[in-house]
Asks: 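After the structure tokens below, expect a handful of questions from me.
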Amino acid sequence: MFDVKNEIDLSEGHEGLVIGLFDKPEKFTGTLEKLDEQFEGQLRELVRAGDISAKFKNISKVHSFGKIGAKRIWFVGLGKEKDLNFERLSEALGKVFKALKASKLQECGVLLDSFTTGSVNELEAAHAVSEAFALATYQFHGYKQKSNEPEKRIEKITVYSEGNDKEDISASLTVGLAFGKGTNSARTLVNIPGNLLTAKDMAEYARELAAKYDFEVEILDKEEIEKLGMGAFLAVNQGSTEPPKMIVLKYQGKEQWQDVIGLVGKGITFDTGGYSIKTKAGIVGMKSDMGGAAAVLGAMEIIGEIKPEQNVVAVIPSTDNMISGNAFKPDDVITSMSGKTIEVLNTDAEGRLVLADAVTYAKHHGAEYLVDVATLTGGVITALGLHTTGAMTNHETLYEQVLEASMEAGEPMWQLPLFEKDKERVRNSKVADLNNSPGSEGHAIVAGAFIGEFTEGTPWVHLDIAGTATTSKEHDLGPAGATGVMTRTLALFVERFDPIEK
Ligand code: BES
Ligand code: ZN
Ligand code: ZN
């Protein structure tokens, strides 16, 4: 897929040559200057005349008229050099790769040093190139008899880098590609409809991942889940004809099984709301209610590829939330694996129930730090909109590490508070230890507070991705549909994780 060359030979043939252009005309130095010489100074003229634009994310396609080996040059506007960071670079690259794909190119060259600045070096730019390529050209093929897939796709990218060791650039390209591919796998899992991705299918997928990357795998079936007393998880599955699966993957990158990070993902393959049934508008799209599980599986794929020196246990409670004569009901009282009893006030607040047992089970497997990811509440959309993941925590230092990873991954998150008064609201029940739905005021917060009850002092970050897991609009780094949000954040967080003194 990627070929790295240390020498830039402008006579080399390419269907397209991709070059970044900063909004600073005097930057016509180095390779750009050599290139302009081949054009007898006309490229500089085109920039001056505005035919080639350096405005951020503007794409200018210029025919080479045989003056260099490449047939066309694709200039990517990068805006002001001082404003460029990894996230903005990824967007600009995503946009040009989309354009190349639309023009049915099958190969291209990329001048890596044209994309670097004081804040983005060549290795980071290489990561951005391969990651953005994978993300931007992702497509979910769907189930139409006649595929609308373009016949031609980019099969080969030659990356020119004069400044760095070839091996180092190659390694960065490989890592970037792993991040892109892992995110795309998460997207595909979310895009598959509920009838074609049941808990059993998700377990099968996890098994395959485990076989590929040599993870330890444990899939609990209904009987084992019953034996362990996971009454909260079982209640959600009670109305279903599909048996539940508790999926566990373990990656051991350290000699000892210590400093274990638990990644917990909500894996509701379809959420009808149960007896607290959703509206006919609100129910559509609820195949995406396993977006947290998808992010965790996507991150595990990246972890399998990059093999960080960390220990990770991934726990995914998977079931659908259905209605039948057997289904659980409002007013039911259930007992979680932790022993805590729960009064069910709303069967549509099912995510926190399955996560309660999953958090307990992650601890059972040695998790000393927890991050859960879930399409948990409509409330987070009201609070933060569709671009920002909601975060809650019981441990600021752990949160800082997750936040840092999210900023680097370009997946924004914002913290919501968890005050004693919020905790009191979930502890308020006449018949049980907890209730699962204390009312609609600040309900993203109380959902987080509910899960927090099961962490029992273990440092924990909760990520509510109800607003960010899918998008109705195409964007620079992907199509409409699943975003794969938090896959890259989780993987980066794990890669960089620094155990915290407790
Ligand atoms: N799966 C939903 C949350 C959701 C909403 C995800 C919109 C994606 C888009 C969750 O299980 C749910 O139904 N939450 C309820 C909680 C309420 C009953 C307290 C909600 O947010 O309305
Ligand atoms: Zn629900
Ligand atoms: Zn749900």
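Every number for a ligand or one of its atoms is a count from 1 in the order of the listing.
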Asks: To the nearest 0.5 Å, what is the distance between CD on E204 and CG on L197?
Replies: 11.5 Å
Asks: Could you tell me whether E453 and R427 have a side-chain N and a carboxylate O separated by less than 4.0 Å?
Replies: yes
Asks: What are the protein N, O or S atoms, given as residue plus atom name, that sit under 2.8 Å from the Zn ion (ligand 2)?
Replies: D271 OD2, D348 O, D348 OD1, E350 OE1
Asks: Above 12 or not: heavy atoms from other molecules or residues under 6.0 Å from CD of Q258?
Replies: yes
Asks: Between E441 and R425, does any NZ, NE, NH1 or NH2 come within less than 4.0 Å of an OD or OE carboxylate oxygen?
Replies: yes
Asks: I'd like to know if K98 pairs up with D476 as an ion pair, taking the criterion as any Lys NZ or Arg NE/NH1/NH2 lying under 4.0 Å from an Asp or Glu carboxylate oxygen.
Replies: no
Asks: From the options Y399, W460, F497, F493, select the one residue that forms a ring-ring contact (aromatic ring centres under 6.0 Å, His included) with Y369.
Replies: F497
Asks: Just the distances, no angles: every ligand 1 N or O to protein N or O pair closer than 3.5 Å, one line each.
Replies:
residue  : atom   : partner : partner atom : Å
ligand 1 : 1 (N)  : K266    : NZ           : 3.4
ligand 1 : 1 (N)  : D271    : OD2          : 3.1
ligand 1 : 1 (N)  : D289    : OD1          : 2.9
ligand 1 : 1 (N)  : D289    : OD2          : 2.9
ligand 1 : 1 (N)  : T375    : O            : 3.4
ligand 1 : 11 (O) : K266    : NZ           : 3.2
ligand 1 : 11 (O) : D271    : OD2          : 2.9
ligand 1 : 11 (O) : D348    : O            : 3.0
ligand 1 : 11 (O) : E350    : OE1          : 2.8
ligand 1 : 11 (O) : E350    : OE2          : 3.0
ligand 1 : 13 (O) : K278    : NZ           : 2.7
ligand 1 : 13 (O) : D348    : O            : 3.0
ligand 1 : 13 (O) : D348    : OD1          : 2.7
ligand 1 : 13 (O) : D348    : OD2          : 3.0
ligand 1 : 14 (N) : L376    : O            : 3.4
ligand 1 : 21 (O) : G378    : N            : 2.5
ligand 1 : 21 (O) : H443    : NE2          : 3.1

Asks: Confirm or rule out an N/O/S atom of K266, from backbone or side chain, lying less than 2.8 Å from the Zn ion (ligand 3).
Replies: yes
Asks: For the pair K181 and E301, find out whether any cationic side-chain nitrogen is under 4.0 Å from an anionic carboxylate oxygen.
Replies: no
Asks: Hey, can you tell me if H364 and Y361 have their rings parallel, tilted or perpendicular (30° and 60° cut-offs)?
Replies: parallel
Asks: How many angstroms lie between atom CE of M300 and atom CG of L490, to the nearest 0.5 angstrom?
Replies: 10.5 Å
Asks: With the threshold set at 4.0 Å, does a side-chain nitrogen-carboxylate oxygen contact exist between E420 and K423?
Replies: yes
